[in-house]
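Convention: sequence-line order gives letters A, B, ...; per-chain numbering from 1.
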Protein chains: 2
Amino acid sequence: MADKRSSNLAEKVLARLGADIRGGRLAPGDRLPTEQELTSSMGVSRTVVREAVAALRADGLVVTRRGSGAYVAENPTGPFRIAAPPSGSLAAVLDVMELRLAVEVEAAGFAAERASRKQVVQVRGALRDIDRALKSGDGAVAEDFAFHRAIAEATGNAQFPRFLAFLGSHVIPRQSVRLSVDTPVERRAYLERIQNEHHRIVDGIVAADPVEARRAMRDHLTRSLERYRKLAEGSKP
Amino acid sequence: MADKRSSNLAEKVLARLGADIRGGRLAPGDRLPTEQELTSSMGVSRTVVREAVAALRADGLVVTRRGSGAYVAENPTGPFRIAAPPSGSLAAVLDVMELRLAVEVEAAGFAAERASRKQVVQVRGALRDIDRALKSGDGAVAEDFAFHRAIAEATGNAQFPRFLAFLGSHVIPRQSVRLSVDTPVERRAYLERIQNEHHRIVDGIVAADPVEARRAMRDHLTRSLERYRKLAEGSKP
DNA sequence: CGGCTGAAGTTGTCAGACAACTTTATAAGA
DNA sequence: TCTTATAAAGTTGTCTGACAACTTCAGCCG
């Protein structure tokens with residue numbers, strides 16, 4: 001329960017206060033103990049206490065008012081984090097990929113429903129960029145990512161590209177692994193099939209057909225997911 | 001660009017370093033300037049610098065190694081945040097609700113695909129809890145939330161309930177507003193229709209029919225979204 | 001060439017002090 | 001008595017100096 005592992009006293013104080021807040025012992029609006037009280041009750045210096053409070057403030061869990069005190073935020077819900085890779089690696093990545101699938105499928109649907117002309121142009125341009133990169137030889141992971149982002153932006157809802165960028169940074173590093181295991185000829189066929197799926201997604205968006213756009217995106221990402229799942233099973237049965 | 005508004009010197013340093021990292025001027029793995037360098041270059045005390053670095057560490061942007069220095073994290077993507085309500089209130093909430101819709105629709109699908117027997121029992125139990133709460137008179141917002149969470153947990157993917165809980169804390173406060181504007185009789189009809197939608201979702205999950213589960217969930221949330229959208233337009237045209 | 005030692009550099013922690021601001025208590029005035 | 005001004009105490013923000021713990025690297029010794 002008490003997670004006070006070794007180095008960094010500030011983390012101990014941080015863990016303690018964070019637990020008090022999340023556990024409800026400190027309700028929203030409540031005032032935290034003063035820095036002096038914390039220094040004496042936890043046996044640390046004021047520097048340590050202040051660093052812990054600074055971290056809490058960075059997470060939006062508390063707000064401080066000079067001359068008055070530090071108070072628990074009205075909505076003490078920390079930001080959304082995803083555990084670092086070394087946790088449950090393979091299975092964890094699959095979980096994140098499923099979350100990404102959910103958001104991208106609906107993004108394709110919203111894009112088909114209400115993308116502006118300019119946004120559609122952007123999506124088509126991104127698709128052409130992939131085509132070009134493929135013809136010029138090497139993989140197009142950057143272009144692929146830009147394509148998906150263009151669709152997210154075509155929803156007109158800024159949260160979609162924002163969240164996708166966030167998820168991408170937690171998934172991308174390993175999807176490059178997958179490509180390198182295939183033989184050159186298999187890889188070529190794989191990339192072409194992927195691109196066909198991309199075209200189908202764009203067709204759905206251009207036709208303003210949300211059902212088709214969603215289905216195409218779901219097929220696209222499900223296939224990617226299945227491939228990764230197979231790879232995960234193969235390395236740990 | 002330079003966002004160094006008044007109080008809190010630590011925030012100035014924080015903004016500066018954060019911008020340097022996100023802007024690429026400090027690449028992953030790079031070592032940050034030493035605390036001494038920062039104190040002299042920014043004209044602040046070491047206390048301030050340390051608080052700023054503590055905040056960066058809390059966000060996972062840097063890691064510090066005692067005796068060596070502070071380094072930019074390999075994946076310097078901060079956590080996912082959602083701006084506080086007072087920003088673009090109405091439209092912003094709609095954006096978040098759409099994100100929630102995306103995740104919940106797919107969650108219903110995954111739940112239908114692979115929910116364990118125990119998880120299905122939980123979902124049905126949550127549905128019954130809403131029924132009971134409705135019969136006993138007053139609204140069932142807590143039970144409604146528990147129902148949606150049960151579905152998210154039935155996916156077997158912990159990220160779904162986690163992310164939903166995160167989003168919920170940013171949307172919930174205002175959906176209670178909507179209920180209070182209706183007249184008692186309208187409210188009754190509204191709640192019953194909602195509950196019918198809930199039943200349809202559960203039917204899809206129990207029948208292990210992902211397509212139907214998704215469609216039911218999408219209809220359910222789209223209706224809620226449309227209602228809110230109308231309310232938003234009515235108060236600002 | 002390899003390993004050891006020591007010095008320099010850096011972060012972690014402590015202590016004390018003052019400034020800036022808020023809150024509360026006190027006193028003065030109407 | 002109530003209101004207002006003033007003073008006092010309390011709290012966070014910032015600065016300064018110091019030492020401990022650890023890392024890194026150069027130089028020395030074998």
Side-chain angles (χ1 to χ4, degrees), chain A residues 2-18 20-21 25-74 76, chain B residues 2-18 20-21 25-74 76:
Chain A
D3 191 9
K4 41 179 170 178
R5 57 186 173 301
S6 66
S7 64
N8 230 348
L9 286 180
E11 274 188 14
K12 283 210 288 190
V13 182
L14 177 61
R16 159 73 177 281
L17 290 176
D20 281 352
I21 292 174
R25 285 177 294 281
L26 285 173
D30 281 3
R31 210 187 75 173
L32 271 64
T34 68
E35 293 176 355
Q36 262 196 6
E37 286 171 340
L38 286 174
T39 57
S40 64
S41 80
M42 305 214 47
V44 297
S45 77
R46 206 179 149 210
T47 308
V48 171
V49 171
R50 282 194 64 78
E51 274 181 39
V53 173
L56 287 173
R57 230 187 32 188
D59 277 359
L61 266 65
V62 310
V63 293
T64 56
R65 287 207 292 270
R66 181 199 200 119
S68 176
Y71 299 82
V72 179
E74 325 78 42
Chain B
D3 192 8
K4 41 179 169 179
R5 58 187 172 301
S6 65
S7 63
N8 230 349
L9 286 179
E11 275 189 13
K12 283 211 287 189
V13 182
L14 177 61
R16 158 73 177 281
L17 290 176
D20 281 353
I21 292 175
R25 285 178 294 281
L26 285 173
D30 281 3
R31 210 188 75 174
L32 270 65
T34 68
E35 293 176 354
Q36 262 196 8
E37 286 171 340
L38 286 173
T39 55
S40 64
S41 80
M42 306 215 46
V44 297
S45 77
R46 205 179 152 211
T47 309
V48 171
V49 171
R50 283 195 62 79
E51 272 181 41
V53 173
L56 286 172
R57 230 187 33 189
D59 277 359
L61 266 64
V62 311
V63 293
T64 57
R65 288 208 291 270
R66 179 196 200 125
S68 175
Y71 299 81
V72 179
E74 327 79 43

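- Between Val62(A) and the choices Leu17(A), Leu56(A), Asp30(A), the side chain to side chain contact (heavy atoms under 4.5 Å, CB included) rule is met once, by Leu56(A).
- Rounded to an integer number of Å, the gap from CG of Leu38(B) to P of dT10(C) is 11 Å.
- Distances shorter than 4.0 Å separate some side-chain N or O of Asn8(B) from OP1 or OP2 on dT14(D).
- Gly60(A) and Ala73(A) make their closest contact through O-CB, 3.4 Å (heavy atoms, listed as atom of the first residue, atom of the second, distance).
- Looking at the side chain of Glu35(B), the nearest of the listed nucleotides dG12(C), dT14(D), dT10(C) is dG12(C).
- Across all strands shown, Thr47(A) has heavy atoms under 4.0 Å from base atoms, whether or not it also approaches the sugar-phosphate.
- Not a single donor-acceptor contact under 3.5 angstrom links the side-chain atoms of Arg46(B) to the base of dT14(D).
- At the heavy-atom level, Arg65(A) lies under 4.0 Å from the strands shown only through sugar-phosphate atoms.
- Distance from the side chain of Arg57(A) is smallest for dG13(D) among the nucleotides dT10(C), dG13(D), dC14(C).
- Distance Arg31(B) CZ to dT10(C) C1': 7 Å, rounded to the nearest Å.
- Closest approach of Pro76(A) and Leu61(A) over heavy atoms only: O-CG, 4.2 Å.
- Between Ser45(A) and dC14(C) there is a side-chain polar atom (N or O) within less than 4.0 angstrom of OP1 or OP2.
- Atom CD in Glu51(B) sits about 14 Å away from atom P in dG12(C), given to the nearest Å.
- With rounding to whole Å, Gln36(A) atom CD is found 14 Å from dG13(D) atom P.
- Without hydrogens or angle criteria, Arg31(A) side chain to Ser68(A) main chain gives a donor-acceptor distance under 3.5 Å.
- In this structure, OH of Tyr71(B) is placed 16 Å from P of dC22(D), rounded to the nearest angstrom.
- Straight-line distance from the NZ atom of Lys12(B) to the P atom of dC15(D): 10 Å, rounded to whole Å.
- Atom CD of Gln36(B) has 12 or fewer heavy atoms from other residues, nucleotides or ligands within 6.0 Å.
- Annotation: of the two residues near DNA chain C, Leu32(B) and Val44(A), the 5′-most nearest-nucleotide partner is Leu32(B).
- Distances shown here put every side-chain N or O of Ser68(B) at or beyond 4.0 Å from the OP1 or OP2 atom of dT11(C).
- For the pair Arg50(B) and dT11(C), the criterion of a side-chain N or O lying under 4.0 Å from OP1 or OP2 is not met.
- Taking atom CZ on Arg66(B) and atom P on dG12(C), their separation rounds to 7 Å, with Å as the unit.
- Distance, Met42(B) CE to dC15(D) P: 11 Å, rounded to whole Å.
- Within the nucleic acid shown, Val53(B) has no heavy atom closer than 4.0 Å to any nucleic acid atom.
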